[in-house]
Amino acid sequence: MPFIPHTPEDVAGMLATLGAASIDELFDEIPAGLKGARLAGVPPALSEMEVARLLAERAAQDGRPLCFLGAGAYEHHIPAPVWAIASRGEFYSAYTPYQAEASQGTLQLIYEYQSMMCGLTGMEVSNASLYDGASALAEACLMAVRANRGSNSRRVLMPRTVNPTYVQVARSIAANQNIAFEIVDFDRALGRTPVESLRAYGGEDFAALVVQQPNFFGNLEEVHELTDWAHQNNVLLIGVVNPISLALLSAPGQWGGRGADIVCGEGQPLGVPLASGGPYFGFMTTRMQYVRQMPGRIVGRTVDIEGRPGFTLTLQAREQHIRRSKATSNICTNQGLAVTAATVHLSLLGAQGLERVAQACLQRAHDLVDALCRVPGVKPAFGPPGFHEAVLTLDRPVAPVLAALAARGILGGLDLTERYPELGQALLVCATETKTDADIRAYAEALAAVQGEGLRAARGAA
Amino acid sequence: MPFIPHTPEDVAGMLATLGAASIDELFDEIPAGLKGARLAGVPPALSEMEVARLLAERAAQDGRPLCFLGAGAYEHHIPAPVWAIASRGEFYSAYTPYQAEASQGTLQLIYEYQSMMCGLTGMEVSNASLYDGASALAEACLMAVRANRGSNSRRVLMPRTVNPTYVQVARSIAANQNIAFEIVDFDRALGRTPVESLRAYGGEDFAALVVQQPNFFGNLEEVHELTDWAHQNNVLLIGVVNPISLALLSAPGQWGGRGADIVCGEGQPLGVPLASGGPYFGFMTTRMQYVRQMPGRIVGRTVDIEGRPGFTLTLQAREQHIRRSKATSNICTNQGLAVTAATVHLSLLGAQGLERVAQACLQRAHDLVDALCRVPGVKPAFGPPGFHEAVLTLDRPVAPVLAALAARGILGGLDLTERYPELGQALLVCATETKTDADIRAYAEALAAVQGEGLRAARGAA
Amino acid sequence: MAELGLREPVIFELSRPGRHAGTQFPPRVAGTAQVPAHLRRAAPPLLPAVSELQVVRHFTRLSQMNFSIDTHFYPLGSCTMKYNPKVCHTLASLPEFLGRHPLAPESQGQGFMACMYELQEMLKDITGMQGVSLTPMAGAQGEYAGVAMIRAYHRAHGDLARSEIIVPQAAHGTNPATATMCGCSVREIPCDANGDVDLDALRAAAGPQTAGIMLTNPSTLGVFERRIEEVARIVHDAGGLLYYDGANLNAILGKVRPGDMGFDVIHMNLHKTFSTPHGGGGPGSGAVGVGARLLPFLPIPLVGREGGRYRWLTEKDAPQSIGRLSGFAGNAGVNLRAYIYMRLLGREGMIRVAEYAALNANYLMKRLQAAGFEAAYPGRRASHEFIITLKRENRDHDVTAMDVAKRLLDYGFHAPTTYFPLLVPECLLIEPTETEAKEDLDRFCEAMSAIRHEMAHDPGKLSAAPHTMPVRRLDDVRAAKQLDLAWKPAA
Amino acid sequence: MAELGLREPVIFELSRPGRHAGTQFPPRVAGTAQVPAHLRRAAPPLLPAVSELQVVRHFTRLSQMNFSIDTHFYPLGSCTMKYNPKVCHTLASLPEFLGRHPLAPESQGQGFMACMYELQEMLKDITGMQGVSLTPMAGAQGEYAGVAMIRAYHRAHGDLARSEIIVPQAAHGTNPATATMCGCSVREIPCDANGDVDLDALRAAAGPQTAGIMLTNPSTLGVFERRIEEVARIVHDAGGLLYYDGANLNAILGKVRPGDMGFDVIHMNLHKTFSTPHGGGGPGSGAVGVGARLLPFLPIPLVGREGGRYRWLTEKDAPQSIGRLSGFAGNAGVNLRAYIYMRLLGREGMIRVAEYAALNANYLMKRLQAAGFEAAYPGRRASHEFIITLKRENRDHDVTAMDVAKRLLDYGFHAPTTYFPLLVPECLLIEPTETEAKEDLDRFCEAMSAIRHEMAHDPGKLSAAPHTMPVRRLDDVRAAKQLDLAWKPAA
Ligand SMILES: Cc1ncc(COP(=O)(O)O)c(C=O)c1O
Ligand SMILES: Cc1ncc(COP(=O)(O)O)c(C=O)c1O
């Protein structure tokens, strides 16, 4: 029987011990009328060999196009040791480390992870992960409302330069607690959130201001000014950051005079494959003063009865299994395995490697924008890219161009036309350190060809 | 520095300890005139990311054709746990288990492996592996010459139904010790070695007779008769067997009245990927009475000073590191990792699974021969396949047919024309449990198309 | 210098300035792109500087300090720690799957989407539901989705007053926490002495303020709620909806379907029943299934099928959806693993899961009872799990459930869940799962018997346990008081 | 019942009739194909019947009983236990590489063959040779190929009397064993007190019967043969050829080339210098390189390049070849790993290997000397390895090199090579390799000092060591006397 080790003798012996005539008898407390599921919709069992072949065929269907898509999920080199280690059975098949003494491996790893995330973001404490970047922002908003003792507001200032999907998710999760988002517009020329646009909200009461750095367009926000404005107005500052970019960019803990209050983001760039969108992991760091408002698991270092250092889950009084309806969040299972990968990843890169990656991402985005904007009809929407993404505008509808590129094996970026109509026929493109000169050239040539075809088609039609 | 952990401070401190001014000084015993290699032929270092991309491109070049090639290397389903376990660092990156107490994992595994190989072959003792099937046959011949106390001969009877490459390898390795092979012909109709063909050698002195079961053509030898003949003539019987086939076929230990004396073969079918031919592993089992003539490592079970069972390398007095020029073989490093895979593989399949695989291989070969022989111009060279291989004859030269099939993504088999000219335009095809009805149909259709094209081309030319 | 222990320094202690794993750095790219000075990072982040071998060795050694399914029997109740087939990971890690960008066009996703579509369909059939969404990223988020749908449903019907969620005392902590997170208030109701819901209390609680009830059946008491149809009637009659916490689906797979019991919505912990890994704390996947009434509210995206092609269903297709809960489409890779597992099990295999999970649980309960342990609900069948209460042992020998848990580690077994559900004193919630062999259950019984013997004859062994782990018992109080949550370089 | 130890039953003890890992069985195939009755197996083979979880758990637990590079410092002399980059395994395991049949046509092998061709070229350059064959499957088989080529060369020149191989005493056991295997006789010559070859003895040994000399330089004494040019002259003048045992190439990579020293043929242990894994006893790869004289004799197949395409060179291209040594083309996957490693190192990286290997060895030797240990060749530079002799400690405290080796395990270090080379009494051959950090060398010194202290103050600790491993010291004599080489079911 697949995965079931019982021999006929085992079963007979066990039933005898139970004084039961059949296994089915063990289900005799289920009302007879309810019992029995035919599972007609579940196909018969396949052997591993057959499943392997099926999945290999499905995978082959999806191919391996050259990817210039970003928008929240980024292709990076993942060192081979990362998943060699994360796939080890002792990490892969362990539960949440409830029995600390039998889980020191996972616990020490999480402690190291927390330390690294604090280091990266310049904050004092980190949790052990949230589901993903989008839901982490939702949790950050909920947390800010709880944590901001100086405010009674359930309103959060949300710039339009924040990833629109994140805003959707934050809304899905926070709206049920009557938390509202005040949308803040951006500067059309610069593609960022001018502190002036906040001035309008001066005397009003808000729990928090969200700032994404680099923002959804790949541009850099004036984080220092924005943070200072927030603090001057009793508003907590939630930073949404790309962890790779932090090798180059000001740590949120150093934003403005006092630093951000809550920092969150998507951990995927740290060793987690694109993989159709998950499992990724959300990270969250904050000041020590807010630690009891933080959602999620936290690991602490302590000592055993012999005084030797060891690690354990701590501050569990915030959590659902202890505090139940009064917990800081309902989160329980989080993203341990992805965190394992990220911890190995960060250990391999270190500050120096991360900086090399970040610098390459910055440069590659510049190179990409330069190359694409040499194609007739393509223009940058704003200035040069702030990190690895940028918005371009085309002289024609974006969707057919992307479809034509896809047919040539190139994922050309994200069509922004619906989400940001004010930008016109806009396209968000991305290049990370994985892209070579040849890749960028291939995209530019394909785009030129597609634009040219369009031109010819248009001429033909005229 | 790639893989080197030394910081500048480390280096300075270490050189200071050594009283050396530079690392280069440590090489001052090398005559000056010899020193210095420019390594102009070695390209500059690449990052892991670049190497990964290069290798992915190279792999893509080679593609994944549908494979009906066998001839000593067989495509089988490899359960996912096999390499998940064999790839664990503790197995992958350990040395030969010289320090038994710190290598009980590898040692116990090898003991289990030896037990399984004894079980499969029906013999009493197994070594821990030889390089591959071909070189295992070479070692078996050398061993037989040492072990056959009743013979002074350095001659070995070698049927033509033994894999011709194995014979080449045995010759490369044994000829330098003046061991000669007497080639025994096969029955053209049945494709096997008739015991009558041996009768001619009656009164002569031979150290051993080699019998491959199933033989190179996929046919079954009359192993009982051949073994009895050997023993009647003071000749040791070396069996070359496919380990998967042993789930169905008579165990060599049961061949004839007394059983084979030395059994060897290629272990690849037991969980080792095709992988361009290696690393595979050779296995060898024998009777207890010959254990001291056996080449290779052997693990034994013993006890520690507290009486607890444990495992250790044993009978090392046979080996080069103890016996030096008088060792049974020069073999040292063997194929531990492949053995690890095989041990996991055999544990997963067990006798029942192995029998299912073997039965499927047998049936698939029948199905394949049936399907292909329905194509005009294709005929079986002998009777139905004995295991998973069979020889077909075509009505035209084989090479262009295979090339045309390859262009359609099908590896159609091995061209025997040069090796066995007496068989005419012959082709060795193979089907294992991995081949489905659809695969076999695809081959038959492609072959029909290729044969048809040939026909048309021939007609066109006429 | 001490002999070898399993102690391992914090990775920062291996760090030396100038050391690195340089092959992992990308090649330098020519160019002049720069971050404006005022936005540039002032000092490099505190990260370790170590060699690749140090990284591999450090984390390999850390891994060896874990108990896990691959190394130990792990009967952690309510967690379904069963074998995670290796092939699920192998196949989900095919390069094309790993490399697929979540926003890739549907033309580059038909293979992946086919798997997701079929998974939705299978989960519908298993639960007896009408629609399934795979996006919730763990059980708790599935619960959130479920309660949010219930709220949306009531709102859509103008039923704005329904904001109370009924939760039995035995419920998992995520249930009440979810209700709160969804802006609802929580009304806890007791269970009776047999572990069933107190129907009178339920009747009293249900009313026009009732949004719904959250129930897991079998409950976390390890017993099947026999009057489930009555429960459903009461709640439905009061205008509320029924939420099924499907974390424990392993107990009833192929035996009874939540949809048939009258539930309107269910979340499933694919990372339990469908054996995707726990990874030391995730990832999970909390797919939700709904009956007809809640169909329009399912969280997006869903995979639809039209004319043999698969496509994403989004806001436009589902305007009443409770919306998005994740940045893309949930924990896709976990869903893929669950899909693979389900194809391996097939129909027959799936039915066997509950059967052998129940057989193992009932057998182990019986044997532990025979060894002198007290079952919390001795008159009841165990489901896939059961509770032992040590209140007698606590009284007689002053040992706690925690002592027994820690001592079990020394015997080579992961401890059962302790102190949950909260309403049973000194409890151990034991879930052996179907993938463990009878011999291992027997060995576990032997260990429990040995510990029982120690209670009377060597109680210090228990209170000081564990003795053979990399650390002895840890000081949790100190951990929470003297917070040390991140490594700091020695000043 | 005992507390947890790392003991694990033999897998057959987990076996129960009727148990299996059924998902691994292929689907049943319809049909009537049968083996003739008289050739059919009588009874099923003795193999374990276990579940997939049992297999995974058993072997995972066994793995944890190993020391390995991924878990421990492993200074095993002459074995070059350095970091095996994970990426080599990952990339060699790409599905196309794993799936490629060795007899696939060249059109389905250009990618793989390009790697092999480039590997041949790099190895030529590194060794200063004219041609390289990758087919030998380990060092010893590379040696065989080398000596066989030497014999073939003499034979081709009608020089049939040359069948003696000169081997210095310090040589690895495979050297004399290989010579015998190749039908040669062995003439051992001594080394002088400094570890160099005794030139007078060499002169006396060399003559018309000399086929060649097998040498490793630096020798297994851990020192560089300084008069190598003189050695070469003597042997060449006598009409013999020079064989370089390149197992220790790690010592000289980028510093000096065997071809430049005058060697005619070399084998390389790619599994040492080029960091393919040792796998608990293989696989290896013993590629051979030759100078112009031996080019025609290289074992086949080789990869050739013509007009931008790669093709196999076989019997037809190389009629004088010593032939085939493996069923296909050697340990292709090991060669692929070596290729990947070499591309990662690149030219600069390769030169650094020897530099830092030498730095680590010399540093460790110096520190151990400072701690009171006696180096076998104190006046010499260490190469990549060096020898400590415990003859004094053996005399004064009755401790053996084996005792120290076993005790080191307790301190968390794999033991150095013991009792090899045979000519140094109570020796430890120590090879730290370049991938170990200074701190680890320092910790090793501390352990050795602690053990030194124990010799005088607690000698029983040593003679009874190890104390912390899964087993205590094993009875090797019993193992060889009461042979238990395969599991047998209890009668
Ligand atoms: C009964 C029950 N409900 C809900 C959950 C929450 O699931 P998750 O941890 O995936 O959020 C769990 C598991 O922890 C559970 O056991
Ligand atoms: C010096 C020396 N020569 C030859 C060999 C033999 O190499 P292999 O074990 O690969 O056959 C070894 C390694 O064991 C060695 O150290």
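Every heavy atom of this structure was used, including side-chain atoms; hydrogens, water molecules and symmetry mates were not.
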Salt bridge (Lys or Arg N to Asp or Glu O under 4.0 Å) filter on Arg323(A), not counting sequence neighbours, yields none
Counterpart residues, salt bridge (Lys or Arg N to Asp or Glu O under 4.0 Å), relative to Arg41(C) (two or more places apart): none
Interchain contact, [X] with chain A, by part (heavy-atom threshold 4.5 Å):
X	result
Val186(C)	side chain
Ala49(C)	neither
Leu325(C)	both
His58(C)	side chain
Tyr363(C)	both
Ala358(C)	both
Leu91(C)	side chain
Arg478(C)	both
Ala30(C)	backbone
Asn84(C)	side chain

Please determine, by modelled atom types, if [X] and [Y] share a side-chain donor-acceptor pair under 3.5 angstrom.
X	Y	answer
Tyr111(A)	Asp484(C)	yes
Thr71(C)	Ser68(C)	yes
Asn176(A)	Tyr144(C)	yes

Give the intermediate values and the outcome of side chain to side chain donor-acceptor pair (under 3.5 Å) for residues Gln64(C) and Glu90(A). CA-CA 7 Å; Gln64(C) 293 187 342; Glu90(A) 299 94 320; 5.3 Å; no
Which word best sums up how the rings of Tyr95(A) and His278(C) line up, parallel for under 30°, tilted for 30 to 60°, or perpendicular for over 60°? tilted
